[in-house]
Amino acid sequence: MAIRSAFSRTSTRTGTTVLAAGAAALLMFSLTSCSANTADAAGNDAAGARYAVDENTLVFGVVPDSVDTQTNYQPLMDYIEQETGKNVEYHESTDYAALIEAAIAGKIDVASFSGFTYITATNNGAAITPISSIVTTEGEAPGYYSQAIVPVESNISSLEEFAGKKVCFVDPSSTSGYLFPSYNLLEAGVDPVSDVTPVFAGKHDVSVQKVGEDKECEVGFAEDSEVAKSDRVKVIAETMVPGAPIVVSDTLPAELKTQLTEVLGEVTIDDIIASGVTSADTQAFRDTFFATEPVDDQYYDTIRDICVKTSASQCQG
């Protein structure tokens, strides 16, 4: 990891104008020399670009959607580090809202969002651009499924029957764990706020666990990749969700932003392994990553439409 340093500027008043002027001149000379090649304490470089930490570091932010989040993304971070020559720091926010806040505050350089989180962040001023989305299986388009689940022994077979139940959602800012479920419930005539008892599990795997236990939650929703790991729940409905975007900060230097777009825009797991990133050659990574495909902002218009239809407060800027 790079050694980070910051300097503070202090001044003292003296009765000697010459000494003060000399000190000021020396200080200006020192600052000019330093800023020619390095980022300042605020993470800005000489050209005005801004980094979350400094010019030697890229902060990779993620939505904390399962217990395996870091394991799933580590090979991709290793690949970014190798291709850019910069240190890549893993940043897992405490929840979806915290990642949105980090994006707005410029505290991430690269990130993997959910579609809903991306829309919410940009609506609130985050300067980020989507460049690609992860494809998990060869031949598939970017995207995944939001699945409605019930305990394996349950007789519930439709969303209409979720009325009056304790329903596990993932997080108020989750695309597949709240936005799409809310829309689908409304389409089934069930208000996701007043007609059910919402329980926010925090992560997809926890939502699956709670539904399987049939205690805190009688029914619920989660992403398909986590549902597939459990034999205690079954799927009674599902909806395709636009693939989660990998985004880059607009405040990065243009050359670096272009490089990251090329590195992450369209790459397969075989490309990553062939480049020498051995951490990618595992079954665990293969289960979550096959390739990336380019996406743009318009790709997420479906989510904007659903925001309008559900009147979700999280969609508002």
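Note that this is a predicted model, so its numbers are computed, not measured.
Looking only at side-chain heavy atoms (C-beta outward), Ile303 and Phe180 come within less than 4.5 Å of each other. Between Ser146 and Pro181, some side-chain heavy-atom pair lies under the 4.5 Å cut-off. Taking the side chain as every heavy atom from C-beta outward, Ile236 and Leu159 approach each other to under 4.5 Å. Inter-residue side-chain proximity for Phe162 and Val150 is flagged as met; some heavy-atom pair is nearer than 4.5 Å. Taking the side chain as every heavy atom from C-beta outward, Leu260 and Ile246 never approach each other to under 4.5 Å. Inter-residue side-chain proximity for Ile134 and Tyr73 is flagged as met; some heavy-atom pair is nearer than 4.5 Å. By the 4.5 Å heavy-atom criterion applied to side chains, Pro253 and Tyr51 are counted as neighbours. Between Ser114 and Tyr96 there is a side-chain heavy-atom pair separated by less than 4.5 Å.
Ser173 OG to Ile100 CD1: the interatomic distance, rounded to the nearest 0.5 Å, is 4.0 Å. Going from atom CD1 of Ile119 over to atom CZ of Arg304 covers 3.5 Å, rounded to the nearest 0.5 Å. A distance of 8.5 Å separates CG in Asp296 from CG in Asp301, rounded to the nearest 0.5 Å. To the nearest 0.5 Å, atoms CD (Gln147) and OH (Tyr144) are separated by 12.0 Å. Atoms OG and CG, on Ser133 and Leu264 in that order, are 12.0 Å from each other to the nearest 0.5 Å. Taken from CD in Gln283 to OG1 in Thr288, the straight-line distance is 10.0 Å, to the nearest 0.5 Å.
Around atom OH of Tyr145, no more than 12 heavy atoms belonging to other residues, nucleotides or ligands sit under 6.0 Å away. Counting non-hydrogen atoms of other residues, nucleotides and ligands closer than 6.0 Å to NZ of Lys86 gives a total above 12.
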Val263/Tyr79 under side-chain contact (heavy atoms from CB on, under 4.5 Å): CA gap, chis, key distance, verdict: CA-CA 9 Å; Val263 167; Tyr79 180 61; 3.4 Å; yes
Working for side-chain contact (heavy atoms from CB on, under 4.5 Å), residues Asp95 and Asp171: CA-CA 8 Å; Asp95 55 27; Asp171 183 280; 4.1 Å; yes
Residue pair Ile108, His91: steps toward the side-chain contact (heavy atoms from CB on, under 4.5 Å) verdict: CA-CA 8 Å; Ile108 56 171; His91 174 81; 4.2 Å; yes
side-chain contact (heavy atoms from CB on, under 4.5 Å) assessment of Cys307 paired with Leu179: CA-CA 8 Å; Cys307 276; Leu179 181 64; 4.3 Å; yes
Worked verdict on Lys203 versus Glu92 for salt bridge (charged side-chain N to carboxylate O under 4.0 Å, His left out): CA-CA 13 Å; Lys203 296 185 178 182; Glu92 181 175 327; 3.8 Å; yes
Stepwise side-chain hydrogen bond (donor to acceptor under 3.5 Å, both in side chains) test for Asp305 and Thr302: CA-CA 5 Å; Asp305 291 342; Thr302 300; 5.4 Å; no
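With no hydrogens or angles considered, a side-chain donor-acceptor pair links Gln74 and Asp78 at under 3.5 Å. Using a 3.5 Å distance cut-off with no hydrogens or angles, the side chains of Gln298 and Tyr300 do not pair a donor with an acceptor. In summary, the side chains of Asp205 and Gln209 do not present any donor paired with an acceptor at a separation below 3.5 Å, with no hydrogens or angles considered. Checking Asn123 against Thr120 by side-chain atom types alone, no donor-acceptor pair falls below 3.5 Å. Judged purely by distance below 3.5 Å, without hydrogens or angles, the side chains of Thr258 and Glu255 never pair a donor atom with an acceptor atom.
Linking Ile, Leu, Val, Met, Phe, Trp and Tyr residues whenever their side-chain heavy atoms come within less than 4.5 Å leaves Ile149 and Val152 in two separate clusters. Residues Val167 and Val208 are members of separate hydrophobic clusters, defined by side-chain heavy-atom contacts under 4.5 angstrom among Ile, Leu, Val, Met, Phe, Trp and Tyr. When hydrophobic clusters are built by joining Ile, Leu, Val, Met, Phe, Trp and Tyr residues whose side-chain heavy atoms come closer than 4.5 Å, directly or via intermediates, Phe200 is grouped together with Val190. Side-chain heavy atoms closer than 4.5 Å link hydrophobic residues (I, L, V, M, F, W, Y) into clusters, and following such links, even through other members, never connects Val308 to Ile306. The hydrophobic clustering, which links ILVMFWY residues whose side-chain heavy atoms are closer than 4.5 Å, places Tyr90 and Leu58 together.
The two residues Ser249 and Lys257 come nearest to each other via the heavy atoms O-CD, 4.1 Å. Here the shortest heavy-atom pairing between Asp109 and Thr57 reads OD2-O, 3.6 Å. Shown here for Val59 and Ala52, the closest heavy-atom pair between the two residues is CG2-CB, 3.8 Å. For Val241 against Ser176, the heavy-atom pair with the smallest separation is CG2-CB, 4.1 Å. When all heavy atoms are compared, the tightest approach of Glu81 to Val88 is OE1-N, 2.9 Å. When all heavy atoms are compared, the tightest approach of Ala222 to Val170 is CA-CG2, 4.5 Å.
Of the residues listed (Thr251, Leu252, Asp250), the one engaging Arg50 in a side-chain contact (heavy atoms from CB on, under 4.5 Å) is Thr251, and it is the only one. Phe221 pairs with exactly one of Tyr178, Tyr183, Phe169 by the ring-ring contact (aromatic ring centres under 6.0 Å, His included) rule, that one being Phe169.
Ionic pairing of Lys166 and Asp214 is not present here: no N-O contact between side-chain nitrogen and carboxylate oxygen is shorter than 4.0 angstrom. A salt bridge is defined here as a Lys NZ or Arg NE, NH1 or NH2 lying under 4.0 Å from an Asp or Glu carboxylate O, and Lys210 with Glu213 fails to meet this definition.
Glu262 places no side-chain N or O within donor-acceptor distance of the main-chain N or O of Gln259, the cut-off being under 3.5 Å. Within the 3.5 Å criterion, the main-chain N or O of Thr136 finds no donor-acceptor partner in the side chain of Glu140. Remark: side-chain polar atoms of Ser132 are not paired, donor with acceptor, to backbone N or O of Pro294 under 3.5 angstrom. Put simply, the side chain of Thr292 gets close to the backbone of Val267: a donor and an acceptor are under 3.5 Å apart. Side-chain N or O atoms of Ser194 include none that pairs as donor or acceptor with a backbone N or O of Asp191 at under 3.5 Å. Side-chain atoms of His204 come within 3.5 Å of backbone N or O of Glu223 as a donor-acceptor pair. With hydrogens and angles disregarded, a donor-acceptor distance shorter than 3.5 Å links the side chain of Thr175 to the backbone of Gly115.
The aromatic rings of Tyr118 and Phe113 sit perpendicular, their planes meeting at an angle over 60°, well past the 30° parallel limit.
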